[in-house]
2 protein chains.
Amino acid sequence: MPRRVTIDDVARLAEVHKATVSRALNAQTRDQVNAETLKRVKRAARQLGYVPNAMARGLRTSRSMTIGVIIPDLMNPIFPPIIRGIEHVLQAQGYTVLIANTDSHDDVEISVLESLLQRRVDGFILATGRLDDHTVIDEATAADVPVVLVNRGAGMGGFPLVSGDNAHGIDLALAHLLDLGHRHIVHAAGPLNFSTTRSRAEAFEVAATKAGVEHGTIYASGLTIEAGFDVADQILAGRGRCPTALVAGNDLVALGLIRRLRAEGLRCPEDVSVVGFNDMPFAEDFWPPLTTVHMPLREIGAEAARLLLRGIDAGEQEGVTVTLPVSLLVRGSTAAVGG
Amino acid sequence: MPRRVTIDDVARLAEVHKATVSRALNAQTRDQVNAETLKRVKRAARQLGYVPNAMARGLRTSRSMTIGVIIPDLMNPIFPPIIRGIEHVLQAQGYTVLIANTDSHDDVEISVLESLLQRRVDGFILATGRLDDHTVIDEATAADVPVVLVNRGAGMGGFPLVSGDNAHGIDLALAHLLDLGHRHIVHAAGPLNFSTTRSRAEAFEVAATKAGVEHGTIYASGLTIEAGFDVADQILAGRGRCPTALVAGNDLVALGLIRRLRAEGLRCPEDVSVVGFNDMPFAEDFWPPLTTVHMPLREIGAEAARLLLRGIDAGEQEGVTVTLPVSLLVRGSTAAVGG
DNA sequence: TTGTAAGCGTTATCAG
DNA sequence: CTGATAACGCTTACAA
C-alpha cells in the first residue's frame with residue numbers, strides 16, 4: 001500500500017519548496033507565485049494525483065471548514081429540504097456539512113455532539129427544536145463555537161434563530177376552518193417540550209377563543225404518525241361529540257389522525273376536516289391530499305446557514321430572530337362542515 | 001477568545017506527561033496506566049473540559065474514523081432509511097458518517113468526492129446507483145480506500161455490493177397483476193443508466209414474455225415524480241389501447257404515473273392498477289395506498305456498513321454480492337381488471 | 001518571488 | 001508504568 005502523496009512529493013517533482021506548492025495550490029496566495037512555477041506545480045500535483053490533507057491543514061489553520069448540523073430525525077421528511085438549503089449555501093463557501101442524527105435520544109445527542117466537537121466544527125446549526133436540551137447550547141457556548149437555531153420558538157441564550165411564522169400559520173388554518181363552517185375544533189398539538197408546539201398552541205388558544213368556537217388542545221407524545229394515532233384515540237374515547245375539525249401539530253400527526261379516524265370508519269374530510277403543518281414533501285400525494293400550512297423549509301435552512309456564516313466571519317453573533325412567512329395550502333383534507 | 005484546552009493542559013494539571021494523558025484517555029491503552037494516575041487524568045480532563053482534537057489525532061494515526069456516504073438525492077425518501085442503517089452500525093464502532101449529496105449532478109459528484117478524499121475518509125459507501133460514473137470508483141481505487149456499493153446491479157470492478165432482489169421483486173409484482181387478471185401491462189422503468197433499471201427491466205421482459213401477456217417497457221428520464229408524470233403522458237398519447245396495469249421503476253415514478261392518470265380522469269386502481277418499487281416511507285399513506293415491492297432499506301444500509309468495516313479491518317476487499325430478500329406489499333393501488 | 005523553520009495537537013516508539 | 005522525542009502534513013511569518 002503506497003503511502004499517500006504529500007505536498008513534499010509535489011514539491012520534489014516540481015523542483016520547488018513545499019511552501020511554494022502550498023501557496024500555488026491555495027486560491028488566497030496563488031498570486032504570490034510566478035506564473036511559470038505555478039504551472040509547474042499544478043502539473044506535478046495533477047501528475048501525482050495529489051490530494052491535500054484536510055486534517056493537516058485544519059490542524060495548522062485551526063479551522064476545519066466543517067459545519068455540524070444536528071437534527072432529531074432524518075426520517076422526518078421536513079429535514080431533507082432544510083438540509084438541502086443549508087448545504088446549498090455552505091458548500092458554495094467551501095464548507096462541508098456534517099449531519100448528525102440524534103434520534104431524539106439524549107445519549108446519542110450528547111455523543112454526536114461530542115464527536116462534532118472533537119472534529120472542531122466551525123459552527124453548529126441546531127434543529128432539534130427541543131426546549132429542554134440546554135446541553136448542546138451550553139457545550140457550544142463553552143467551546144465558543146457559533147450556533148444558529150432552527151425552528152425553535154423562544155431565543156435560547158442569545159443565539160440567532162430562524163423559523164417559520166407559527167402563529168400566523170395557525171391563524172390561517174383556523175380562519176380557513178371557520179370559513180368552512182366548523183364550530184368545534186381540536187388542536188392535536190405536539191409535545192410541550194418542542195418550542196414550535198408552544199407557539200402554535202398559544203396561537204390556537206387565542207384565535208379559537210376570539211372566534212368564540214368550541215375548542216380544546218391535546219398534546220401528542222411526539223411529532224410522529226404514531227403519536228397522532230394516539231391522539232385520535234383520545235378524541236374518539238372522549239365522551240361527548242367529536243369535533244368536526246382538527247388542527248394538527250404537524251403533517252405527521254395529521255397523518256396519524258387520519259389513519260386512526262379512517263380505521264374507525266370516519267372519513268376525512270367528509271366527517272372530519274384535518275389541517276396539517278409544514279407542507280412536508282409528498283403532502284399532496286397523501287390520502288386525502290393534505291391541507292396544510294406551507295413552511296419554506298429550504299429557505300429556512302439557507303437562511304440559517306447564512307446567519308451562521310455571518311457569525312463565523314464576524315467572530316461574534318447577535319441574537320437576531322428571522323421569521324419567514326408561511327401560507328396555507330388548501331387541498332383535500334378539509335371540507336365544509338356536514339359536507 | 002481563550003485557546004482551546006489541549007492534552008498538554010491536562011497533563012500539567014494532572015502532573016503527568018502528555019503521553020500518559022493520551023494513554024489514559026484511549027480505551028486501547030488505558031490499561032497501561034496506573035489506576036491512581038488514571039483517575040487523576042480523568043479528573044483533570046473533566047475539570048478543564050478537554051475535548052480531544054480529532055484532526056491532530058487523525059493526522060498522527062492516519063485514520064480519520066470517518067466514512068463518506070455518497071447519495072444522489074437526500075430528498076428521495078429511500079435514502080434516509082438506508083443512511084440510518086449505515087449510521088447504526090458505523091456509529092457503534094466509533095465512526096462518523098459524512099453524508100454527501102450529489103444531486104445527481106456530475107460536477108457536484110466530483111467536488112463532494114474531492115472533499116471527502118481531502119478529509120481522508122476511511123471508506124466509502126456509494127449509493128448513486130449509476131452505471132456510468134466510474135469517476136468515484138476510479139478515484140477511490142486510486143486512493144486505495146475501501147468502497148461498498150449499494151443498489152448497483154452489476155459488480156463494478158470487484159467491490160462488494162449490496163442490494164435487494166430486483167428480479168424477484170418484479171416477478172412478485174407481475175404474478176400479482178396476472179392473478180388480478182391483467183393481460184396488458186407496461187413497465188415504466190427508470191433511466192437506463194441506473195443499474196437497478198436494467199435488472200428490473202430485464203426481469204420484466206422475461207416474466208411478461210413467459211406469461212404470454214401483451215407488454216412493453218418505457219424508460220423514464222429519472223426516478224422522480226416528474227419523470228413518472230412524463231411516462232404517463234407517453235402512454236396516454238400512444239395510439240391503441242391503454243394498458244390495464246403499470247409496473248413502475250420505483251415508488252416516485254408510480255406516484256407521477258398516478259398523478260397524471262388522475263388528471264386525465266383515469267382512476268387508480270379502478271381503471272388502471274399501479275405497482276411501485278421500494279416501499280418508500282409513507283407509501284401506505286398515499287392516495288391510493290401504494291402496492292409496492294418492499295425493499296429492506298435499513299438492512300441494506302446496515303449490511304453495506306458491515307461489509308465496509310470488514311474491508312477496512314482486513315485491509316483488502318473481496319467482491320462479494322449480498323442480495324437481500326424482498327416481498328410484495330399489496331395495498332390499494334392494484335385491483336382486479338375491469339373491477 | 002521563493003526558501004527556511006516553527007508549530008498546530010496528537011500518538012507511537014523507545015528508554016528508563 | 002511513565003517520560004522524552006519524533007513525526008504526521010500542512011501553513012505562515014520571516015528572511016533572503
Side-chain angles (χ1 to χ4, degrees), chain A residues 1-42 44-45 48-66 94 117-120 122 143, chain B residues 1-42 44-45 48-66 94 117-120 122 143:
Chain A
M1 174 166 12
R3 195 181 43 73
R4 283 233 55 144
V5 9
T6 75
I7 202 173
D8 276 304
D9 301 322
V10 178
R12 211 165 304 126
L13 181 59
E15 296 181 296
V16 290
H17 191 268
K18 61 175 173 179
T20 305
V21 175
S22 172
R23 284 188 280 254
L25 263 24
N26 279 304
Q28 307 281 350
T29 46
R30 201 194 299 291
D31 49 355
Q32 295 173 23
V33 18
N34 183 291
E36 232 5 85
T37 19
L38 174 58
K39 210 176 299 175
R40 245 184 21 255
V41 170
K42 274 180 160 171
L48 295 174
Y50 171 64
V51 179
N53 184 322
M55 294 187 292
R57 180 203 305 248
L59 183 57
R60 180 60 234 248
T61 59
S62 59
R63 318 188 71 223
S64 66
M65 293 306 284
T66 290
L117 251 18
Q118 290 191 4
R119 293 197 149 74
R120 296 294 191 266
D122 297 326
Chain B
M1 169 165 19
R3 195 181 44 72
R4 284 232 56 142
V5 9
T6 74
I7 203 172
D8 276 303
D9 301 321
V10 179
R12 210 165 305 126
L13 181 59
E15 296 180 297
V16 290
H17 192 268
K18 62 175 173 178
T20 304
V21 176
S22 172
R23 284 188 281 255
L25 263 24
N26 279 303
Q28 306 282 350
T29 45
R30 200 193 300 291
D31 48 355
Q32 295 173 24
V33 17
N34 183 291
E36 233 3 88
T37 21
L38 175 58
K39 210 176 298 175
R40 246 188 16 259
V41 170
K42 274 181 160 170
L48 295 175
Y50 170 65
V51 178
N53 185 322
M55 293 187 293
R57 181 201 303 245
L59 182 57
R60 181 62 236 244
T61 60
S62 58
R63 316 188 72 224
S64 65
M65 293 306 283
T66 290
L117 250 18
Q118 290 191 4
R119 294 195 149 75
R120 296 294 189 268
D122 298 325

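Order of the sequence lines fixes the chain letters, A, B, ..., with proteins taken first and strands second; residue numbering starts at 1 for each chain.
Here A/Ser22 reaches the OP1 or OP2 of D/dT11: one of its side-chain N or O atoms lies under 4.0 Å away. Within the structure, every side-chain polar atom (N or O) of A/His17 is placed at least 4.0 Å from both OP1 and OP2 of C/dT2. When the side-chain nitrogen and oxygen atoms of B/Thr20 are compared with OP1 and OP2 of D/dG3, one or more of them lie within a distance under 4.0 Å.
Rounded to whole Å, the distance from CZ on A/Arg120 to C1' on C/dT10 is 11 Å. In this structure, OH of A/Tyr50 is placed 7 Å from C1' of D/dG9, rounded to the nearest angstrom. Between B/Met65 atom CE and C/dT11 atom P there is a gap of 12 Å when expressed in whole angstrom units. Atom pair B/Asn53:CG and D/dC8:P shows a separation of 18 Å (rounding to whole Å applied). Atom CZ in B/Arg57 sits about 19 Å away from atom P in C/dC8, given to the nearest Å. We find that CG of B/Asp8 is positioned 11 Å from C1' of C/dC8, with the value rounded to whole Å. Atom CZ in B/Arg119 sits roughly 18 Å away from atom P in D/dG9 (whole-Å rounding). Remark: P of C/dG7 and CD1 of A/Ile7 are 19 Å apart, rounded to the nearest angstrom.
If you check every strand for non-hydrogen atoms under 4.0 Å, A/Ser62 touches nothing. Among the atoms of the strands shown, none is found under 4.0 Å from any heavy atom of B/Thr29.
Contact detail for A/Ala24 and A/Val41: the closest heavy-atom pair is CB-CG1, 3.8 Å. In this structure, A/His17 and A/Ala11 approach most closely via the heavy-atom pair C-CB, 3.8 Å. Across every non-hydrogen atom of B/Tyr50 and B/Thr6, the tightest pair is CE1-C, 3.6 Å. Here the closest heavy-atom approach between residue B/Arg23 and residue B/Thr29 is recorded as O-OG1, 3.1 Å.
Comparing atom distances between the B/Asn34 side chain and each of C/dT11, D/dC1, C/dT2 picks out D/dC1 as nearest.
Residues B/Val16 and A/Asn26 each lie close to DNA chain D; by heavy-atom proximity, the contact nearer the 5' end of the strand is made by B/Val16. Residue-to-nucleotide proximity on DNA chain C shows that, of A/Thr37 and A/Lys18, the 5′-proximal contact is made by A/Thr37. Take the nearest nucleotide of DNA chain C for A/Asp31 and for A/Ala19: the residue whose nucleotide is more 5' is A/Asp31.
Partner of A/Val10 under the side-chain contact (heavy atoms from CB on, under 4.5 Å) criterion, chosen from A/Thr20, A/Val21, A/Val16: A/Val21.
Heavy atoms of other residues, nucleotides or ligands lying less than 6.0 angstrom from CD of B/Gln32 number more than 12.
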Check the pair A/Arg57, A/Asn26 against side chain to side chain contact (heavy atoms under 4.5 Å, CB included), reporting the backbone distance first and the verdict last. CA-CA 11 Å; A/Arg57 180 203 305 248; A/Asn26 279 304; 3.0 Å; yes
Worked verdict on A/Arg4 versus B/Ser62 for side chain to side chain donor-acceptor pair (under 3.5 Å): CA-CA 10 Å; A/Arg4 283 233 55 144; B/Ser62 58; over 6 Å; no
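In the interface, the side chain of B/Arg60 is not paired with the base of C/dT10 through any donor and acceptor atom under 3.5 Å apart.
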Every protein N/O lying under 3.5 Å from an N/O of nucleotides 14-16 of chain C:
none

